[in-house]
A.B. asks: 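Attaching a single structure in structure tokens format; questions to follow.
By convention in this document, chain letters (A, B, ...) are assigned in the order of the sequence lines, proteins followed by strands, and residues within each chain are numbered from 1.
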Amino acid sequence: MIEIEFLSRKWKNFALDSLSLKIESGEYFVILGPTGAGKTLLLELIAGFHSPDSGRILIDGEEVTYQPPEKHKLAFVYQDYSLFPHMSVKKNIEFGMRMKKIKSREKLSEVSRDLKITHLLDRYPLTLSGGEQQRVALARALVTDPKILLLDEPLSALDPRTQESARELLSDLHKNKRLTVLHITHDQTEARIMADRIAIIMDGKLVQVGTPEEIFEKPVNSQVASFVGFENVLKGRVISADRGLLKIEAGETFFDASGEAEVGDAVYAFLRPENIALSKTSAQSSIRNSLQGRVTEVWILGALVRVKIDCGIHLNALITRQSAEDMNISPGVPVYAQFKASSVHILR
Amino acid sequence: MIEIEFLSRKWKNFALDSLSLKIESGEYFVILGPTGAGKTLLLELIAGFHSPDSGRILIDGEEVTYQPPEKHKLAFVYQDYSLFPHMSVKKNIEFGMRMKKIKSREKLSEVSRDLKITHLLDRYPLTLSGGEQQRVALARALVTDPKILLLDEPLSALDPRTQESARELLSDLHKNKRLTVLHITHDQTEARIMADRIAIIMDGKLVQVGTPEEIFEKPVNSQVASFVGFENVLKGRVISADRGLLKIEAGETFFDASGEAEVGDAVYAFLRPENIALSKTSAQSSIRNSLQGRVTEVWILGALVRVKIDCGIHLNALITRQSAEDMNISPGVPVYAQFKASSVHILR
Amino acid sequence: PLTFVFSLLLLVLFLFIFLTLSNMIFGQILEDFPGLVKAAGNRSVMAAILFSLYAGFLATLLSLFLGAPAGYILARFDFPGKRLVESIIDVPVVVPHTVAGIALLTVFGSRGLIGGPLEPYIQFRDALPGIVVAMLFVSLPYLANSAREGFKSVDPRLENAARSLGAPLWKVFFFITLPLSARHLLIGSVMTWARAISEFGAVVIIAYYPMIGPTLIYDRFISYGLSASRPIAVLLILVTLSIFLIIR
Amino acid sequence: PLTFVFSLLLLVLFLFIFLTLSNMIFGQILEDFPGLVKAAGNRSVMAAILFSLYAGFLATLLSLFLGAPAGYILARFDFPGKRLVESIIDVPVVVPHTVAGIALLTVFGSRGLIGGPLEPYIQFRDALPGIVVAMLFVSLPYLANSAREGFKSVDPRLENAARSLGAPLWKVFFFITLPLSARHLLIGSVMTWARAISEFGAVVIIAYYPMIGPTLIYDRFISYGLSASRPIAVLLILVTLSIFLIIR
């Protein structure tokens, strides 16, 4: 368990501002935030590489705020893996064992087997691919059986195909070794897939903590909403409210949304582009909006197509190229933009 | 018009091997290839920064192979824009005018207006954003009215949002100024959106030249096919062929494809993951395959979901998260994988 | 603990250098200020110091003229034997100073390879040209190397961009490459000048007279001892250091 | 054309250095080979040369002991006055050599700040310790700077990774930081040693005797002229350069 209490620290261009956070044992906890939000600084503070200006850090109930890193008893893997270039893979892995005076040949071969690096033991780090380096770095960090693993952007240096298997590997390690994992990233997809809980950090401040569902469906403010991909922001007024189903007026357009608000409230409605489907026919229902409009712009983005639609309000939809071709989507074409009331997130 | 004849050149780790290519006046021509294929080297040879080991380069019919760059009379914009850091934006743009002894205040203000950089003229390059730097680099290159514009990965240093407007800007410039544009990139989406014609370069060799449709629908070999996104490669045998409609046997599975082949031919069938739709119900037709199968793996990738399906053959499909949720796609679920016969590309 | 021991050693190093110099300077000022004033008023002392600065300035100019183009070629082109050329250019840094003096005297002396034929027109031994040549020899590598680093730090793509905008090579050099490496060239020149005016061993062999600052200090030390040479040493270092402070 | 002119200037620079040294060396070998053999057989000549190498070696060892820790602190920590400390450490590079000699003599001479109290135990003037101190003073900045650059080139994240694996700071230094900057330290040591054995001005003031190579060359030059000192100069440079070649 990691407890962080009112942690503040300035360093170069980064600053953390009175941050409190509690990470439970066994959790896979992801800290998500844009580049420059101070995420790595927070991780380095927890590992003890810097001392905070104020605040406390407790690991398993014991205060370690001003202890040197070797007393923090956690494993740390940097984004670039930081393997020692002058040592073979084997020596790299043994380094932690030598420092902690653990003498066990079995540990080394066991962790090498787990991480599928047995064939790499005599190689040197600079000759390894990114994915191999990461597995070696994990082996080096895990060979001494730490309880807590800190990961600094563990996937961002990998190519997309290796990322998939690395995600799988991290999930497996977390489950099989019953590790507490603290993983930082700027990639919302990564956070969504991996996390038990997510904390959003922006400009050195903790903005929201919650399960992936809470974060991605119910962002607490518009800054978080736009960071987690609600690209459509509609300003409107509630004209009826009935057991969580709201009718909202935005300009001349009306749509349904689920949420809590009073009649007359001015609200912001957030809607993800991928939650808008396009159709040639209307299919209005009590839980599904279907707004008539006209395509204004079309951008092909690989397998996806971004379509801008004018339905009185301007919407931004993301659909597959297949369906865009099936419907002959191009500027000027009339379409219905459809989205569920439950896809709309309401903030007052 | 740019004519390249049997061009060869070794340089550091790159090598071009007897490459011939003809770019017509007024074309938007994209050279597409993986990183390290020798694309930038080719562009630098055309611009005259290096001399080839053998071969010739003609610009508008005139041989310039061993002429210095200032005689090539074309505009060149590097990936990092290469603005002169010690000169203001204005001085940067005027540099080419001074060198070519063009004295015209109107040219400068005209090009600044066209590229929307009038407000930046007194700034210095290091204070500009990526998109602004690109517009300044284009202004500097275009102020002396060149007929040919060479672009080295013009979009790769920009963030996704700026990329969209930069693509629009380049298209507009190409149309309004009647420029011949030679644009190199490793991004197939970019090539598809921008190009009149595309040349594929791999390992220093020209592999295919054609319109975007030809390149992306009819790759000439499996290397190109997998580079342009045909991730599903199925090995099979033609069991019937009727006016361009083939029936193909792959293991125990049968499917239709359009293409030219003889009965009994061993063929490779290429299929893009985004061309596979999933459905709960079968909807076989003469032009649409519908293979029954079972989901084996699901990976959420932002707005998209990658689904692996076992239908006797293993398929890799890419669908929106919205439809995956609507269909409750998860490992073990039975589905039909549907794709048009015309989406399958056949190579013998 | 490691940090503490290491900091202590840094302090020792710092004090060794700082105390050595400040002890001399403040010792002179506190114990014998009139001697310092007298030295400053002595025409031959000031002449020797100014002569040092002047000869060093000439050597730096020549270094720039030779070393900057040489650095450009080394930064931009590969040719067979390049490593050998670079090694030879670095040799003066490691040549013992009096050996450099002897070598220069064999070449530029009145019976030397260059000094011989030039004898009717220009004399090197015991004259300004000899002093400048000695300073040039020991300081050239500094300028050539920092020019090379400076030119290397200029992205060749900036030069390519300028060329595709219509600039011939020499305009690219003067409008793009040179301004962008000006800082390196300036720092290199200052180092070259510093090296030139600090030289004693090579100069004293080729030209004891006319005396430059370091030679005068040696001469007074040999003839009259420490107390006679100290004020000149203090003056020379004060002049030198204040010029550095002004340039920075 | 620009390239051609610049290449020509590079050639001039190269020939200036190359001809000066090779003219002396080959002139000696071709015109007076017996003189070279005689010098090589002369016990006092060889003693002076070996004494140079030995004193330079001691100065380099001391430099390593002081300069490497100092470089580590400067590479890893920020503290108020750091820029000043770095500037002071660089000062010996620009101090005229005889001035350095005078300054060292004021401190380490028999009535000096350090030389005085130590007089009964250790003598600096006209003795090995004085020569080593003079060499140390002029060459320390080279070692401290290249150590600092070497330590800076080691990614602090490697040190952090080692610490989180359980290594205390001193183990991190000896197992990670030091091996990864070994190349820089080696090159720095070679440069320091080269600077030490090339010094003449500072050494000659604090210790004319016992003679090191450069002093012997000067002494012979003053007493017997160019032809008497040239063979020693050739010997010294041949020994020095061959040691460099061996180390590289």
A.B. asks: From F175(C) CZ over to M99(B) CE, what is the distance, rounded to the nearest 0.5 angstrom?
C.D. replies: 5.0 Å
A.B. asks: Side chain, backbone, both or neither: which part of K91(B) has a heavy atom under 4.5 Å from chain C?
C.D. replies: neither
A.B. asks: Measure the spacing between CG of L158(C) and CG of D80(B) and express it to the nearest 0.5 Å.
C.D. replies: 7.5 Å
A.B. asks: Which atoms of Y78(B) come close to chain C, meaning under 4.5 Å heavy atom to heavy atom: side chain ones, backbone ones, both, or neither?
C.D. replies: side chain
A.B. asks: My understanding is that only one of R140(B), E70(B), R98(B) makes a side chain to side chain contact (heavy atoms under 4.5 Å, CB included) with L165(C); could you say which?
C.D. replies: R140(B)
A.B. asks: So for A162(C), is it side chain, backbone, both, or neither that comes closer than 4.5 Å to the heavy atoms of chain B?
C.D. replies: both
A.B. asks: If you tally heavy-atom pairs under 4.5 Å against chain C, which of P69(B), A137(B), P146(B), G96(B) wins?
C.D. replies: P69(B)
A.B. asks: Please name the pair of heavy atoms, one in P68(B) and one in R163(C), separated by the smallest distance, quoted to 0.1 Å.
C.D. replies: CB-NH2, 3.4 Å
A.B. asks: Could you tell me which non-hydrogen atom of H86(B) sits nearest to which non-hydrogen atom of P179(C), and how far apart they are?
C.D. replies: CD2-CB, 3.5 Å
A.B. asks: Is the charged tip of R157(C) near the ring of Y81(B): under 6.0 Å from the six-membered ring centre and within 45° of its axis?
C.D. replies: no
A.B. asks: With only heavy atoms counted, which part of L150(B) is less than 4.5 Å from chain C, the side chain, the backbone, both or neither?
C.D. replies: neither
A.B. asks: If you count the non-hydrogen atoms of other residues, nucleotides and ligands that lie under 6.0 Å from CZ in F244(C), is the total more than 12?
C.D. replies: yes
A.B. asks: Of the backbone (N, CA, C, O) and the side chain (C-beta and beyond), which part of D155(C) lies under 4.5 Å from a heavy atom of chain B, both, or neither?
C.D. replies: side chain
A.B. asks: Can you tell me which portion of M87(B) sits under 4.5 Å from chain C's heavy atoms? Options are side chain, backbone, both or neither.
C.D. replies: side chain
A.B. asks: Between F49(B) and E159(C), is any pair of side-chain heavy atoms under 4.5 Å apart?
C.D. replies: no
A.B. asks: Let me see the working for F84(B) and I176(C) under side-chain contact (heavy atoms from CB on, under 4.5 Å), right down to the final yes or no.
C.D. replies: CA-CA 7 Å; F84(B) 308 134; I176(C) 307 297; 3.7 Å; yes
A.B. asks: Do P85(B) and L180(C) have side chains that get closer than 4.5 Å, going by heavy atoms?
C.D. replies: yes
